[in-house]
Engineer: 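Could you have a look at this structure, given as structure tokens, before my questions?
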Amino acid sequence: MLKSYKILSILLCNVMLLSACTQSLHESENLPETSETIVSDTTTDPDSTATEAILSESNLEINLHLDGKNNYMQLLIEQFKEEHSEITVNITDYSDLLPADYRTVLSTQMMTGEGPDVLLIINTGNETLTSFPEMTKMLQNDVFLDVNKLEIDFNDCNKTVMKAGVFNNKQLFIPLNYSLGFLYTTEERLNNAGISYYDGITLEEFASAFPAFYKNNPDKKAFLNWLVGQDLFSHNSLCMVDYANNQFIDSEENQQNLKQLTHAFDNLFPEIFSSSESAMGYMFYLNLNKYGSTDREIYQSGDLLFMSGRGFSGAYDNLLTYNNYIYPDDISKGETPIIFAMPTITGESPSPNVTYMLAVNANTENTEAVKLFIETAIGIDFQYTTTGTGIPVNQDLVDHMKNFYLTEGYDPKDTYLFPKACEFDKGFVESYFNIIDNMSDPIPFMDSTTTSYIFSIIRNSIKGDMTFEEAYSSAKSQIDFYLSE
């Protein structure tokens with residue numbers, strides 16, 4: 001049920017949270033032997049001494065980690081403390097560790113039956129816990145708990161998105177938010193660019209018009225960033241790994257799908273691999289440096305065809321992102337804003353790519369506190385606070401947002417409010433929510449190391465380092481060896 005009336009500055013929260021998500025870690029050449037443990041509300045200053053915890057009458061406690069990469073977990077902990085002040089929260093702060101060092105510490109702890117009771121998995125970017133070999137080993141050694149054993153009520157969560165956390169028929173991961181690869185532009189921009197879009201269009205059909213666009217507009221970009229690697233395969237519902245037998249799924253269907261992805265990718269992102277930077281660096285950071293401004297300002301200048309998002313910038317998949325600057329600006333120019341998801345290989349609806357997930361330590365002894373912590377994470381209060389990180393998994397909140405913008409006379413009392421800096425066209429909002437309502441089932445969990453090998457097929461083929469067949473064969477061998485280690 002929705003709780004008390006509150007007004008929250010969502011846009012400010014978006015900016016603060018996304019900014020925090022991109023802060024770099026302190027550099028560290030050596031892995032410290034120990035790290036500070038912070039109990040309850042004590043300071044995270046490494047020079048301070050943690051105060052002794054005073055257990056409540058319930059004697060409930062929970063052990064958690066902070067890795068310093070972003071403040072999402074910190075926000076969750078603060079919300080949890082507010083809701084359950086009777087529970088002692090023991091925090092071990094690893095903020096001074098580089099991502100690779102923290103991953104080593106975490107995986108070692110988990111493999112030896114230690115580690116936090118609940119851990120946050122950031123499923124995007126090179127800081128992700130899914131992007132290193134230890135993740136597969138942890139999965140193979142059953143270090144994560146099937147959360148269904150905790151008897152948590154997930155009825156308010158989007159059932160399709162929850163399937164993204166299933167591994168070997170167990171709910172090992174709890175999705176907190178997700179993205180669907182939205183593309184925002186206007187009908188006028190699309191027509192002037194000679195690009196077609198219609199319901200059911202395939203990725204190959206959509207991408208076929210882009211070579212002409214780039215030829216006719218050499219100084220313009222279609223995208224600053226979009227789905228690469230894991231996001232790309234998740235978006236297209238491509239399951240390519242059999243974890244039960246630890247092998248790459250070598251099939252004619254997968255080969256053909258990868259060929260189509262390679263061809264479409266080459267059309268959509270010409271010269272993406274000619275840069276010494278990574279694909280993401282080429283698509284995002286280099287362009288921002290070139291223009292010396294934000295992607296929003298580049299779009300408004302007319303040099304960018306689409307505002308587009310991916311996992312690490314999940315706010316671009318949130319309707320609120322367009323509320324107070326892009327949409328009103330396009331309306332004032334007499335243009336007609338449109339929004340749709342990047343087409344898929346089959347022309348069917350995309351499947352969700354999860355941004356943030358929780359996992360539970362199979363050896364936790366604090367199951368009651370863990371259950372309450374997860375309920376806070378998927379609860380509408382916390383989901384409302386972190387709306388800027390992507391589409392909330394809490395479907396109750398998504399439905400409320402939908403009613404807020406579409407239902408005339410919707411009573412805001414005793415509900416959660418969203419800004420109405422502009423009045424969205426009804427058709428625009430309906431298009432947005434139709435994509436969410438009709439998303440395809442996600443693929444089973446696939447770790448990022450495996451998907452990086454698969455993505456190398458696309459990269460090596462486009463760069464010309466190998467033929468497609470050579471790249472495919474090489475990736476298959478690498479994946480099979482990686483999974484068998």
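Along the sequence shown, residues carry numbers from 1.
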Engineer: Given the side-chain rings of Y472 and F248, with only the six-membered ring counted for Trp, is the space between their centroids under 6.0 Å?
Structural biologist: yes
Engineer: Is the centre of the F265 ring less than 6.0 Å from the centre of the F455 ring?
Structural biologist: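 Yes, ring centres under 6.0 Å apart.
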Engineer: Under 3.5 Å, side chain of N257 to main-chain N/O of E253, donor-acceptor pair present?
Structural biologist: yes
Engineer: Using modelled atom types and a 3.5 Å cut-off, is there a donor and acceptor pairing between side-chain atoms of T185 and backbone atoms of F306?
Structural biologist: no
Engineer: Are the side chains of M342 and L203 in contact, using a 4.5 Å heavy-atom criterion?
Structural biologist: yes
Engineer: Under 4.5 Å between any side-chain heavy atoms of F210 and F223, yes or no?
Structural biologist: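 Yes, side chains in contact.
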Engineer: Evaluate the side-chain proximity of I249 to C239: yes if any heavy-atom separation is below 4.5 Å, no if none is.
Structural biologist: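 A side-chain contact under 4.5 Å exists here.
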Engineer: I'd like to know whether NZ of K333 has more than 12 heavy-atom contacts from other residues, nucleotides or ligands below 6.0 angstrom.
Structural biologist: yes
Engineer: Quick one, Y299 with R189, criterion side chain to side chain contact (heavy atoms under 4.5 Å, CB included). Give me CA distance, side-chain angles, the key distance, then yes/no.
Structural biologist: CA-CA 11 Å; Y299 173 84; R189 287 187 188 226; 3.4 Å; yes
Engineer: Evaluate V429 against L319 for side chain to side chain contact (heavy atoms under 4.5 Å, CB included), listing each step before the verdict.
Structural biologist: CA-CA 8 Å; V429 178; L319 183 64; 4.3 Å; yes
Engineer: Mark yes or no for whether D425, through its side chain, and G427, through its backbone, hold a donor-acceptor pair below 3.5 Å.
Structural biologist: yes
Engineer: Take Q256 and E252, measure what side-chain hydrogen bond (donor to acceptor under 3.5 Å, both in side chains) needs, and give me the verdict at the end.
Structural biologist: CA-CA 6 Å; Q256 292 304 315; E252 181 64 27; 2.9 Å; yes
Engineer: For the aromatic rings, using the six-membered ring if either is Trp, is the centroid distance between Y198 and F340 under 6.0 Å?
Structural biologist: no
Engineer: Of the options Y432, Y327, F404, Y184, which is the one that meets F424 in a ring-ring contact (aromatic ring centres under 6.0 Å, His included)?
Structural biologist: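 That would be Y327.
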Engineer: Are the side chains of L120 and L358 in contact, using a 4.5 Å heavy-atom criterion?
Structural biologist: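 They are in side-chain contact.
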Engineer: Within a strict 4.5 Å, meaning less than it, do heavy atoms of the E375 and I152 side chains meet?
Structural biologist: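 In short, these two side chains touch, coming nearer than 4.5 Å.
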Engineer: For the residue pair M357 and F173, what are the closest heavy atoms and their distance?
Structural biologist: SD-CB, 3.7 Å
Engineer: Closer than 4.0 angstrom, basic N to acidic O: yes or no for K259 and E469?
Structural biologist: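 Salt bridge flag = yes for E469 with K259.
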Engineer: Hydrogens and angles aside, do S440 and E348 bring a side-chain donor and acceptor to less than 3.5 Å of each other?
Structural biologist: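 No, because no side-chain N or O of S440 sits under 3.5 Å from a partner of the opposite role on E348.
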Engineer: Determine whether V370 and L145 satisfy the following criterion, side chain to side chain contact (heavy atoms under 4.5 Å, CB included), listing intermediate values before the conclusion.
Structural biologist: CA-CA 11 Å; V370 165; L145 180 71; over 6 Å; no
Engineer: Tell me, do L483 and V241 make a side-chain contact under 4.5 Å, heavy atoms counted?
Structural biologist: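 The answer is yes, as the side chains (C-beta and beyond) meet within the 4.5 Å cut-off.
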Engineer: Could you verify whether a donor N or O on one side chain and an acceptor N or O on the other, from Q395 and D399, lie under 3.5 Å apart?
Structural biologist: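 There is such a pair between these side chains.
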